[in-house]
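A short worksheet on the structure shown next.
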Amino acid sequence: MDSFADFIAAASSFVWGPFLLIPLLLGTGLYLTIRLKGLQFRKLGPALRLGLLQRKEASSGGEGDISHYQALTTALAATVGVGNIAGVATAIGIGGPGALFWMWVTGLLGMASKYSEAFLGSKFRVVDEKGEQRGGPQEYLKRGIRGPLGKVLAVAFAIFAALAAFGIGNMTQTNTIAQSLDDTFGVPPLATGIVIVLFVGVVLLGGIKRIGAVTASFVPMMIVFYIVAGLLVLGANVTAIPEALALVFTDAFTGTAATGGFVGSTVALALQYGVARGLFSNESGLGSAAIVAAAAKTHHPVRQGLVSMTQTFIDTIVVVSFTGLVIITSGAWTSGEEGAAMTSTAMASGPLAQFGSAVVAIAVVFFALSTVIGWAYYGERCATSLFGIKVSLPYRAIFTLVCLVGAVWELDLVWGVADVLNGLMALPNLVGLLLLSGLIVRETKAYLAKDPDLTDPPAALEDFAPAR
């Protein structure tokens with residue numbers, strides 16, 4: 001077992017090291033940003049309006065199973081999770097405040113990657129035996145890249161994603177919930193696990209329509225709750241914000257000296273952990289959000305791609321920033337605490353002195369449960385692409401029961417395996433995005449020339465849908 005743990009640690013270091021995934025992630029995001037002429041900056045406003053304010057009009061009459069807004073909240077449910085609480089703290093605790101800068105870079109460049117994969121997910125989706133939409137890298141890699149290469153990439157992604165869902169989207173999340181509730185409120189992990197199984201089971205039995213309905217009401221509430229708590233702490237530490245921002249930018253390029261309980265870090269550590277935890281948080285380039293984007297009712301893949309792109313902005317530029325700035329301004333990053341405990345220490349400063357741990361525990365429950373629901377759908381869609389619709393119900397059942405395992409077991413090794421599978425998922429998807437970039441750019445340019453502000457009514461787009 002020790003040998004296997006050493007192997008996983010070595011594999012994680014290589015996959016997330018400076019010679020494989022980090023340059024490929026950042027390079028792909030930068031390449032797509034350049035080719036799309038900064039689409040994520042030019043069209044962020046219209047995309048937010050379309051996804052958040054024009055929810056009914058945007059999806060009215062379009063093909064798909066759920067609305068633009070439900071697809072966005074389901075993707076947010078899967079990404080706004082433990083990574084936004086414990087992951088940010090881990091990145092800053094090892095890489096210093098400069099890690100937050102690299103998380104921002106990963107998010108901003110990742111918006112182009114997220115747009116591209118959601119565009120492809122919507123464009124190349126298929127209807128399965130139950131009449132539901134199925135799409136994502138497991139479909140667009142196979143159908144968009146001709147020949148054996150596309151098929152190999154598609155199968156590789158589907159296998160890694162179906163397995164990764166049990167790690168990143170299940171056991172690591174439920175274990176964090178159980179530990180947090182046990183430490184804060186004394187709730188036995190077994191009791192937590194049983195409640196999680198019942199909740200997840202009821203939601204998953206309803207399929208994507210119930211998942212979309214639950215996340216549409218659940219996700220906005222949890223994000224607002226967390227941001228309000230963060231604002232209270234930042235308000236108490238408002239004078240420390242300029243210095244915190246200066247640390248973020250300077251330490252990203254100079255490293256961080258040892259101070260308090262912080263042992264110091266290099267630029268390489270800030271970069272590595274900032275990018276790794278940034279991807280763990282927003283999943284840009286991972287390909288996962290394209291799976292739910294394919295289920296959205298939309299009149300054109302460009303529209304769905306732009307709406308999906310806002311998920312990375314909300315996750316990283318908004319939620320991650322609140323966590324990072326709360327940790328830095330409160331001084332918790334030098335406390336010697338790790339992970340969620342560091343975030344709890346930060347939240348316990350200022351007006352939340354007596355409630356910081358409770359606030360983080362409640363946020364962990366919200367964030368992690370939503371991630372479990374989103375990733376159950378991701379894993380199931382990939383499993384059905386490999387083995388057919390007959391595995392849908394068994395996959396949901398096994399996924400639900402594994403939630404109990406995650407709640408009661410010690411999972412140090414599972415975190416390592418989840419990191420490796422995360423990286424292996426990203427590799428075929430990133431290769432596919434690069435190979436299909438010409439198609440993405442051409443169809444994006446053509447659509448935006450007709451509807452630059454995303455204001456055309458559905459009727460005006462009836463004859464403009466691209467061929468699939």
Side-chain angles (χ1 to χ4, degrees), residues 1-22 24-25 81-95 99 156-157 159-180 182-183 189-190 192-193 196 261-266 268-281 283 286 288 336-343 364 368 371-372 375 378-379 382 398-399 401-428:
M1 203 63 185
D2 288 342
S3 297
F4 181 67
D6 291 341
F7 168 76
I8 291 298
S12 180
S13 295
F14 173 72
V15 170
W16 288 104
F19 304 110
L20 186 59
L21 207 50
I22 288 178
L24 186 57
L25 268 170
V82 172
N84 294 77
I85 297 174
V88 177
T90 298
I92 294 174
I94 297 175
F157 176 87
I159 292 172
F160 293 141
L163 293 174
F166 289 98
I168 180 180
N170 189 319
M171 288 191 285
T172 58
Q173 306 291 331
T174 56
N175 188 259
T176 304
I177 293 174
Q179 287 186 350
S180 185
D182 188 17
D183 293 343
L190 179 60
T192 298
I196 291 172
F262 181 73
V263 297
S265 73
T266 63
L269 277 175
L271 174 61
Q272 179 179 348
Y273 279 88
V275 173
R277 296 303 163 186
L279 176 65
F280 186 85
S281 173
E283 298 176 16
L286 209 62
S288 51
E337 298 284 0
E338 298 179 357
M342 181 189 292
T343 307
V364 163
T371 298
V372 171
W375 270 91
Y378 294 165
C382 288
I398 294 170
F399 189 93
L401 293 175
V402 169
C403 291
L404 182 60
V405 177
V408 299
W409 275 15
E410 293 294 329
L411 296 177
D412 290 344
L413 186 59
V414 173
W415 277 98
V417 173
D419 267 346
V420 173
L421 288 173
N422 249 18
L424 293 177
M425 273 179 66
L427 287 174

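If you're wondering where the values come from, they're calculated on a predicted model, not measured in any experiment. Atoms considered below: every heavy atom in the structure, side chains included; atoms not considered: hydrogens, waters and symmetry mates.
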Calculate, to the nearest 0.5 Å, the distance between atoms CZ and CD1 belonging to R277 and I92 respectively. 12.5 Å

For the student: nearest non-hydrogen atoms of A407 and G193, plus distance: CB-CA, 3.6 Å

Kindly say whether I85 contributes a backbone atom to a donor-acceptor pair with the side chain of T343 at under 3.5 angstrom? yes

Under the ring pair (Phe, Tyr, Trp, His ring centres under 6.0 Å) test, which residues partner Y378, sequence neighbours left out? W375

Does any pair with a residue in residues 170-179 pass side chain to side chain donor-acceptor pair (under 3.5 Å), and if so which ones, sequence neighbours excluded? N175-Q179

Which pair of non-hydrogen atoms, one from A418 and one from G167, has the smallest distance, and what is that distance? CB-C, 4.1 Å

Between V420 and I8, is any pair of side-chain heavy atoms under 4.5 Å apart? yes

Looking at every heavy atom in both L21 and A426, which two are closest together, and how far apart are they? CD1-CB, 4.1 Å

Can you name the ring pair (Phe, Tyr, Trp, His ring centres under 6.0 Å) partners of F399, sequence neighbours left out? F166

List for me each residue that meets side chain to side chain contact (heavy atoms under 4.5 Å, CB included) alongside V405, sequence neighbours excluded, and say none if there are none. M171, W409

On a heavy-atom basis, the closest approach of M342 and E337 is CE-O, 3.1 Å

Compare every heavy atom of G379 with every heavy atom of A165, then report the nearest pair and how far apart it is. CB-CA, 3.9 Å

To the closest 0.5 Å, what do you measure between CG (N422) and OG (S12)? 9.5 Å

Side chain to side chain contact (heavy atoms under 4.5 Å, CB included) involving L24 - partner list, sequence neighbours excluded: T28, L427, L430, L434

So, using side chain to side chain contact (heavy atoms under 4.5 Å, CB included) as the criterion, who are the partners of A161 when residues are at least two apart? F157, C382, M425

Minimum heavy-atom separation for T192 to A178, with atom names? CG2-CA, 3.9 Å

Quick one: CG on L163 to CG on L421, what's the gap to the nearest 0.5 Å? 6.0 Å

Going by the rule side chain to side chain contact (heavy atoms under 4.5 Å, CB included), which residues pair with L404 if we only count those two or more places apart in sequence or in a different chain? L190, I194, V197

